[in-house]
Amino acid sequence: MNWYEDSIFYELYPRAFCDSDGDGRGDLLGIRQKLDYLQWLGVDVVWLLPIGDSPLRDDGYDVRSYYQLHPDFGTIESFRMLVDEVHARGMKLLIDLVVNHTSDEHAWFKEARRSKDSPYRDYYVWSDTPDKYPEVRIIFIDTETSNWTYDEGSGQYYWHRFFSSQPDLNYDNPKVQEEMFRALAYWCELGADAFRLDACPYLFERDGTNGESLPETHDFLKKMRAFLDTNYPGTVLLGEANQMPEDLLPYFSDGDEMQMSFNFIVMPQIYLSLKRQDHTPLMRVVRDTPPLPEGCQWATFLRNHDELTLEMVTPEVRQEMWEHYSPYMNQRINLGIRRRLAPLMDGDLRRVAMLYSLLLTLPGAPVLYYGDEIGMGDDVSLPDRNGVRTPMQWDDGPNAGFSTAPASKLYAPVIASADYNPAKVNVAAQMADPNSLLHTIRKMVLARKQVSGLAHGAVEWLPNAPKPVVAFTRSDGSFMLLALHNLSGDEQMVTLPPGSWRDVFDATQTAAGSFTLGAYEWRWMVAE
Ligand code: BGC
């Protein structure tokens, strides 16, 4: 099996993790200092959100350079030092590559908008009218009213799928395609092991279509893969394609496109099942997911740096989820919910741990979001999605141990709420407490590494499990794990399959027959 198929990924917002030079902003050398922690937690792959130069109107997803680092993060030398240390520990580094768009401050766009005759004009998508491609949806519906913005200077509209400060690149221009190969090569040379291809479904536009997942886009992504296979074999592409199942699966193609794709289909169904205390939505979606081609894998996740997206559920389900998980309007953004995992669970760590157990036992390679392993809170008073990107809470000292700068200099305030401030939630305290959420998650992560078959093994649902219980076995022929999860706050009775079952964590033996799960309890058992 390839390394990425059974790895534990950790998504980290570099500005938030650790500030090594006391300027109030996290940096690459800070991350390097915290690799001991990540290794202790059992992380195999460190995923860095964008570190390139950027005016930061979309936290680095507005690219000003594909090569220079944002000075906050350090220098290319710091990147090398980080990557070397990651590799020395047997870990891998995944970085974001923003393929769809740049910032309007990128030199290409500045040059492009200078005049219609600029050699860079064709790097972007222009039109005399804002009426082209009317079938294309607006993604950032809370901020944008059109995917076209008028450029006064040159008298035409430019195309953008996200903020108007992020003009889309024109992939019909072979030079743009070459630029991306150049950027891939540059970061591969520096040691990147994998790339998250940001917003990859939207690379091409065609009349009469919604501009998503077009054949041209797949062709280009396959070219990227072929480029890597030829020049940097083993380098992995992880696609961020927030699409319906029938449109998501083609990103794996015949195993010759992306090796990995985020599982945007399973994620919302986990929350829906929990809300309804009914395993049906989750069971249905897992059952309906066809097997992947050889060498491909899902990246499964509970939360990330964006809103909990509800784009891929029906409007009725979206409303149901919004009402339950984000009762206040300021907790919502676009078609999603801008909250972290622990607050979504009303601070109930039994539920948080139970969801982690699901994440770690369902098929796929799990991606953890920084801070969720200690149950960090969020701050909806901050704009956009910034409330889930606050400084990591290392200890209960000044600035939660994140930075030695004066608090007023931090890029964002440390969470101060009564339930989630650093005195209540921090790494050091949880490391010292064997019963903490952090230890519980680590225990699961380490146990997962001992159990074969979790990455791809078959899923069999326990027949007759009560609705509030998610119960399945995972097996690869040689091994069988039984995972039980109680989605409700009431005791539930399940019937264990024939055989004798040993608890993975406390080694207790249970025979087939009735077994009682406490409120939100989860169990991992292996067949003896
Ligand atoms: C990233 C977002 C970003 C958007 C536009 C997304 O897919 O995850 O954080 O705002 O791309 O670049």
Side-chain angles (χ1 to χ4, degrees), residues 9 11-16 47-66 70 94-106 109 124-125 136-144 147 149 158-169 171 180 183 194-203 211-213 217 221 237-243 247-248 251 258 260-264 267-268 299 301-312 332-340 367 369-370 378 382-390 411-412:
F9 289 68
E11 174 186 4
L12 172 168
Y13 177 52
R15 190 164 280 98
W47 160 21
L48 302 182
L49 292 185
I51 50 174
D53 191 27
S54 162
L56 301 180
R57 272 175 282 163
D58 185 16
D59 250 336
Y61 287 100
D62 47 334
V63 174
R64 190 157 53 196
S65 166
Y66 283 98
H70 190 286
L94 163 70
I95 62 170
D96 249 277
L97 185 69
V98 185
V99 276
N100 181 67
H101 46 265
T102 68
S103 157
D104 57 2
E105 290 190 21
H106 194 291
F109 191 69
Y124 296 89
V125 182
V136 176
R137 70 185 164 122
I138 294 169
I139 296 172
F140 286 166
I141 51 170
D142 287 2
T143 26
E144 302 297 332
N147 288 321
T149 289
Y158 62 87
W159 178 248
H160 53 87
R161 296 303 306 261
F162 295 93
F163 292 127
S164 57
S165 55
Q166 290 165 309
D168 272 32
L169 286 162
Y171 275 86
M180 282 310 134
F195 296 88
R196 169 187 182 269
L197 295 187
D198 180 64
C200 59
Y202 319 116
L203 305 187
E212 304 194 13
S213 303
T217 295
L221 295 173
L237 293 177
L238 162 58
E240 190 221 10
N242 189 357
Q243 299 280 286
D247 297 320
L248 184 50
Y251 283 89
M258 311 276 197
M260 297 189 77
S261 195
F262 284 103
N263 198 327
F264 281 104
M267 184 276 294
F301 63 104
L302 296 168
R303 286 294 295 113
N304 63 18
H305 64 292
D306 287 326
E307 66 272 34
L308 191 169
T309 170
L310 300 174
E311 279 165 296
M312 297 304 135
R332 303 179 192 178
I333 188 171
N334 302 320
L335 293 183
I337 301 171
R338 52 192 204 110
R339 303 185 74 190
R340 265 194 184 265
V367 184
Y369 183 51
Y370 91 94
D378 51 38
L382 298 174
D384 201 353
R385 293 146 293 173
N386 299 3
V388 300
R389 304 177 186 178
T390 61
Y411 77 91

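Along the sequence shown, residues are numbered consecutively beginning with 1. One-based numbering, in listed order, for ligands and for the atoms of each.
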Once side chain to side chain contact (heavy atoms under 4.5 Å, CB included) is applied, do any residues pair with E11, and if so which ones, sequence neighbours excluded? W47, L49, N304, H305, V367, Y369

Could you tell me if Y66 and T102 have a donor-acceptor pair between their side chains, going purely by distance under 3.5 Å? no

Quick one about T309 and N242 (side-chain donor to acceptor, distance below 3.5 Å, no hydrogens or angles considered), yes or no? yes

Both conditions, 6.0 Å and 45 degrees, for the charged tip of R340 above the ring of Y370: are they met here? yes

Looking at D104 and R57, is there a salt bridge between them, counting it only when a charged N and a carboxylate O are closer than 4.0 Å? yes

Pairs under 3.5 Å, nitrogen or oxygen of ligand 1 with protein nitrogen or oxygen:
from	atom 1	to	atom 2	distance (Å)
ligand 1	7 (O)	D198	OD1	2.9
ligand 1	7 (O)	E240	OE1	2.4
ligand 1	7 (O)	E240	OE2	2.6
ligand 1	8 (O)	R196	NH2	3.0
ligand 1	8 (O)	H305	NE2	2.9
ligand 1	8 (O)	D306	OD2	2.5
ligand 1	9 (O)	H305	NE2	3.2
ligand 1	9 (O)	D306	OD1	2.6
ligand 1	9 (O)	D306	OD2	3.4
ligand 1	9 (O)	R385	NH1	3.2
ligand 1	10 (O)	D58	OD1	2.8
ligand 1	10 (O)	D58	OD2	2.7
ligand 1	10 (O)	R385	NH1	2.9
ligand 1	10 (O)	R385	NH2	3.3
ligand 1	11 (O)	D198	OD1	3.0
ligand 1	11 (O)	D198	OD2	3.2
ligand 1	12 (O)	D58	OD2	3.2
ligand 1	12 (O)	H101	NE2	2.8
ligand 1	12 (O)	D198	OD2	3.3

Carefully, step by step, assess Y171 and T217 under the rule side-chain hydrogen bond (donor to acceptor under 3.5 Å, both in side chains). CA-CA 9 Å; Y171 275 86; T217 295; over 6 Å; no

